[in-house]
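Computed over heavy atoms, backbone and side chain alike; hydrogens, waters and symmetry mates excluded. Just so we're on the same page: letters track the sequence lines, and every chain starts at 1.
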There are 2 protein chains.
Amino acid sequence: MPTSAATARLAFEVVKTACSNCNLRELCLPIGIEPEDLKKLDELVSTRRRLKRGDHLYRAGQGFASIYAIRSGFFKTDVLIEDGRDQVTGFQMTGELLGLDGISSEVHTCNAIALEDSEVCVIPFLHLEGLSRQIHTLQHHFHKVMSREIVRDHGVMMLLGTMRAEERLAAFLLNLSQRFKARGYSPAEFNLRMSRDEIGSYLGLKLETVSRAFSRFQEDGLLAVHQRKIRILNTDGLRKLMTHQRS
Amino acid sequence: MPTSAATARLAFEVVKTACSNCNLRELCLPIGIEPEDLKKLDELVSTRRRLKRGDHLYRAGQGFASIYAIRSGFFKTDVLIEDGRDQVTGFQMTGELLGLDGISSEVHTCNAIALEDSEVCVIPFLHLEGLSRQIHTLQHHFHKVMSREIVRDHGVMMLLGTMRAEERLAAFLLNLSQRFKARGYSPAEFNLRMSRDEIGSYLGLKLETVSRAFSRFQEDGLLAVHQRKIRILNTDGLRKLMTHQRS
DNA sequence: CGACCTGTTGACACATATCAAAGGTCGTGG
DNA sequence: CCACGACCTTTGATATGTGTCAACAGGTCG
């Protein structure tokens, strides 16, 4: 069936989606919206898009038209500068938004790449602005989401500016753990979707340093590490390590 | 006149301000807004606030109600974590907005401190949301401003994660230069409003390292440094240094 | 004028980067 | 089903950039 294959290759589907039925309501934009308004929202998210591991959701330099809500899967965003240096600026999971960076200049400023097979809701930005002029709670919630992104970035700046390697990794793992927990998964046991190199890039460290820190945590009984499978054995220990004063 | 002194101490004035007459229009929120709408904006910014050097505009933990547009002066924002570490997250100048971090949780997450005598317009946030439901261009411009803040933070993350000390300082100086230029000041000669320690905190470096980098730049003929007075002698040199591959 | 704050410079310590080698894991194709 | 190659991870030895500690210089303000 050539048509089916072609469709798959496009990795783009026009599916009538329904926020009113979506089980991500608590995480995604429509939080706290009145039932009557939810119908309007259904129009907002008109299409979904499926991506396979390694696919780009968007690339730096591409025109901006939509933001994306992750229905399932896992992403990274990274920026690249001329001289070849790059850095992972974030890892995003189910219920989180992608593409907010593109609003300012109508052009995406980073790459968004799926780290596992994923599905996103495509939210045309002008449409979102229109709707948020009608629905106060949507407008306010969207502003909160953008602001939260700013606060998150400040946290990363703090991490990069003041923490040492093991503190950074501890902070990273605790953050992941908490986000998995918020989604109903085990906060203690999870699979990393990213390589040591990607973790290092995010944390401003080399992959060898990340690897050594993992080994150290394992020696100290804080973690059980098996490849990308992580089990947190001592959350408090990690937390103490993270907030430990620079010696 | 005791009343006048008391008023000064309050550092808070209720002044009828007018965006329609403000010469910051090109930098601040009202960019590109129709004359008829500008009248509505005048209601938005009902008060101004004067701060002396060292005053806090707001503190982490305080309830959030307004954002602030800088009419004149210079600010820093910083975050503080329990264990005593802190970091400067940004320096803000005329025409830039402060307080966006507070939207997400209705509580400010950082401190905003005046680095010189300053004046800000107080913009009640609910009022801004109301008005941006009526004025599309205001809404869109506000979204752009928030997005730009996210992009800026990514730039800082890049700096902290991948650049070495001298590259960071070069990037910092070029950024300041460009912002002064955009405001009609000399891009080559300006006074730093912040201490070496504050620069170091922002750049994730110790003040001694910042000082040494300044000295090096001076030796190399890139800068003339006299205390906090900076003259850039070789912009291209700085730019090359900034984008230089890690050796 | 003297106290204090800020900045500069030097010597040394230390965390992390760099370079290198080897072992594991996974997917693919024979 | 096994074998191969590509990629990822771990670990060790060494190099290096920045932090730390300390002394001192210069400017500012009471």
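- When rounded to the nearest whole Å, the span between CG of Leu223(A) and P of dT10(D) equals 11 Å.
- As a whole-Å value, the separation of Arg216(A) CZ from dG12(D) C1' is 16 Å.
- As rounded to whole Å, 13 Å separates atom P of dT8(C) from atom CZ of Phe217(B).
- Applying the side-chain contact (heavy atoms from CB on, under 4.5 Å) test between Phe74(A) and each of Leu115(A), Asn191(A), Asp117(A) identifies Leu115(A) as the sole match.
- Between His226(A) and Val210(A), the residue anchored nearer the 5' end of DNA chain C, judged by the nucleotide with its closest heavy atom, is Val210(A).
- For the salt bridge (Lys or Arg N to Asp or Glu O under 4.0 Å) with Glu116(B), the lone residue among Arg193(B), Arg53(B), Arg228(B) that qualifies is Arg193(B).
- In this structure, CD of Glu208(B) is placed 12 Å from C1' of dA23(D), rounded to the nearest angstrom.
- Counting distance only, with no hydrogens placed and no angle test, the side-chain atoms of Gln227(A) and the base atoms of dC26(C) include no donor-acceptor pair under 3.5 Å.
- When the P atom of dC21(D) is taken as reference, atom CG of Leu207(B) falls 13 Å away, rounded to whole Å.
- Checked against dG7(C), dG19(D), dT9(D), the side chain of Lys206(B) finds its nearest nucleotide in dG19(D).
- At a threshold of 4.0 angstrom between heavy atoms, the contacts of Gly200(B) with the nucleic acid are absent.
- For the pair Asp197(B) CG and dT18(D) P, the interatomic distance rounds to 17 Å; values are reported in whole Å.
- Within the structure, a side-chain polar atom (N or O) of Ser215(A) is placed less than 4.0 Å from OP1 or OP2 of dT11(D).
- In this structure, CZ of Arg164(B) is placed 12 Å from C1' of dA15(D), rounded to the nearest angstrom.
- The aromatic ring centres of Tyr202(B) and Phe91(B) sit less than 6.0 Å apart.
- At dT9(D), none of the side-chain N or O atoms of Ser211(A) fall inside 4.0 Å of OP1 or OP2 (strictly under the cut-off).
- Of the candidate nucleotides dC8(D), dG19(D), dA17(C), dA17(C) has the atom lying nearest to any side-chain atom of Leu205(A).
- Of the candidates Arg168(A), Glu167(A), Glu166(A), Glu167(A) is the only one forming a side-chain contact (heavy atoms from CB on, under 4.5 Å) with Arg164(A).
- On a pure distance criterion of 3.5 Å, a polar donor-acceptor pair joins the side chain of Arg212(A) and the base of dG12(D).
- Arg228(A) comes within 4.0 angstrom of sugar-phosphate atoms only, judged by non-hydrogen atoms across all strands, and of no base.
- Looking at Glu119(A) and Arg49(A), no side-chain N of the basic residue comes within less than 4.0 Å of a carboxylate O on the acidic one, giving no salt bridge.
- Per the geometry, CD1 belonging to Ile199(B) stands 13 Å off P belonging to dT6(C), to the nearest Å.
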